[in-house]
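Quick notes on the structure that follows.
Heavy atoms only: backbone and side chains are in, while hydrogens, waters and symmetry mates are out. Owing to the predicted nature of the structure, the values given are computational and were not obtained by experimental measurement.
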Amino acid sequence: MENEFEDRLIPATSVGSGIGKPITTDIYCLPIQVVNLFFVGEPGQKWVLVDAGMPRSADEIIEEAEKRFGKDAKPEAIILTHGHFDHVGAIVELLEKWKVPVYAHELELPYLTGEASYPEPDPSVDGGLVAKMSPMFPNHGINIAEYVQALPSDHSVPGMEGWEWVHTPGHTEGHVSLFRERDRSLIAGDAFVTVHQESLYKVMTQKQEISGPPKYLTTDWKAAKESVIKLNELGPLIAATGHGIPMTGDFLAEELQKLTDHFDDIAIPEHGRYVD
Ligand SMILES: [Zn+2]
Ligand SMILES: [Zn+2]
């Protein structure tokens, strides 16, 4: 295992980077630069890490985890919504310390076992400077074959009782979202996000607005649309996404309905390498 992302840093950080916030008593959102990761579990109890942040953020993640769960606390497992570099950036260092199992959708495994690279980001999509900068984002897969395995086929989520995983392809083939019926909490990864992720200004200020998956890295727009329809049908009351501030209640319901109804206008770029 080695971390090939070490030298690939992104010159952008949102205003809230490093400032963690509880969304519910047992879901804690930690923004790292431009991406969110989540601790799921009551403070001091067993917990699971969802997604693994940006390159070089392992120390920050470990420190924050120990603050919440106690000294030398390590998660029961790490669940990945998908394997893009901004969701697995710190995972190699985290695994060196924690040595815990990692779960992802089976279609995502080739990108996590060194067998495949993601398609190149597309800087020609409309939307702003982050899209323009996207060619510097690493697209190659990582190799954590020792630790990673497919999510259980019964849709349960290891270490997260009461949650189910939902296959939400489009942004990547094996992208998953996590849903808990009890309080209708949704961790949506990049299936949709709550910030206009292509715009540097909006990423830095974290202006809250619903948006489709980040355009420069999404390759199958038909599947992406079906995934948003599927998530809207679940009727989430809380949505924690890979980018942007978590959204809740009526505002979420209205915004997600709007995205579902006008997906082609809101989400799909007017032109781009992965648009028909
Ligand atoms: Zn992504
Ligand atoms: Zn992302």
Side-chain angles (χ1 to χ4, degrees), residues 1-3 5-6 13-83 86-104 112 142 144 146-149 151-152 156-165 176-189 206 237-246 248:
M1 278 195 324
E2 58 183 86
N3 192 345
F5 300 151
E6 271 289 285
T13 289
S14 66
V15 284
S17 178
I19 304 170
K21 275 203 184 74
I23 306 173
T24 66
T25 59
D26 71 341
I27 307 173
Y28 185 84
C29 173
L30 180 62
I32 302 268
Q33 278 195 295
V34 298
V35 71
N36 297 323
L37 50 85
F38 303 95
F39 300 156
V40 181
E42 299 285 347
Q45 309 282 312
K46 288 187 175 176
W47 62 288
V48 164
L49 177 69
V50 178
D51 286 347
M54 296 291 284
R56 297 195 190 176
S57 63
D59 289 347
E60 190 178 346
I61 296 169
I62 291 165
E63 196 184 309
E64 197 73 9
E66 293 193 356
K67 255 193 251 167
R68 189 164 169 86
F69 299 103
K71 195 170 154 30
D72 296 326
K74 62 176 189 176
E76 299 296 295
I78 300 172
I79 312 290
L80 297 175
T81 59
H82 63 303
D86 51 334
H87 297 253
V88 299
I91 201 164
V92 169
E93 288 89 340
L94 292 175
L95 289 173
E96 277 164 1
K97 180 164 171 81
W98 288 338
K99 304 184 186 355
V100 295
V102 180
Y103 296 88
L112 299 168
I142 58 166
I144 49 166
E146 277 174 74
Y147 293 97
V148 72
Q149 55 191 296
L151 281 158
S156 63
V157 185
M160 290 172 63
E161 224 190 286
W163 290 80
E164 60 174 314
W165 62 265
V176 296
S177 303
L178 309 176
F179 184 68
R180 177 166 65 188
E181 182 71 46
R182 173 161 66 75
D183 60 354
R184 289 200 262 151
S185 289
L186 175 68
I187 298 177
Q206 294 283 288
L237 293 175
I238 295 165
T241 58
H243 306 272
I245 297 167
T248 58

Least distance between heavy atoms, [X] atom then [Y] atom:
X	Y	answer
P246	A240	CB-CA, 4.3 Å
P158	L151	CD-CD2, 4.1 Å
N36	G244	ND2-O, 2.7 Å
I61	A90	CD1-CB, 3.9 Å

To the nearest 0.5 Å, what is the distance between [atom1] ([X]) and [atom2] ([Y])?
X	Y	atom1	atom2	value
I144	L80	CD1	CG	6.0 Å
Q149	L112	CD	CG	12.0 Å
I78	Y103	CD1	OH	11.5 Å
Q33	D86	CD	CG	10.0 Å
L94	S57	CG	OG	7.0 Å
F39	K67	CZ	NZ	9.5 Å

| query | For T24, which residues count as a side-chain contact (heavy atoms from CB on, under 4.5 Å) partner, sequence neighbours excluded? | reply | D26, I27, R180, D183, S185, I238
Only distances under 3.5 Å count here; give the side-chain donor-acceptor pairs of residues 40-50 to other protein atoms, sequence neighbours excluded, each with its distance to 0.1 Å.
residue : atom : partner : partner atom : Å
E42     : OE1  : T25     : OG1          : 3.4
E42     : OE2  : T25     : OG1          : 3.0
W47     : NE1  : K74     : O            : 3.4

| task | Return yes if some donor-acceptor pair links the side-chain N/O of D51 with the main-chain N/O of T81 below 3.5 Å, else return no. | result | yes
| said: Before you tell me yes or no, could you show the steps for F38 and I23 under side chain to side chain contact (heavy atoms under 4.5 Å, CB included), namely the whole-Å CA-CA distance, both residues' side-chain angles and the distance that decides it to 0.1 Å? | reply: CA-CA 10 Å; F38 303 95; I23 306 173; 3.9 Å; yes
| task | Using the test ring pair (Phe, Tyr, Trp, His ring centres under 6.0 Å), find all partners of H87 that sit at least two apart in sequence or belong to another chain. | result | H82, H243
| Can I79 and W163 be said to form a side chain to side chain contact (heavy atoms under 4.5 Å, CB included), step by step? | CA-CA 12 Å; I79 312 290; W163 290 80; over 6 Å; no
| request: Give a yes or no on whether E66 atom CD has more than 12 heavy-atom contacts from other residues, nucleotides or ligands under 6.0 Å away. | output: yes
| request: Quick one: do V100 and L95 satisfy side chain to side chain contact (heavy atoms under 4.5 Å, CB included)? Show the steps, please. | output: CA-CA 6 Å; V100 295; L95 289 173; 4.2 Å; yes
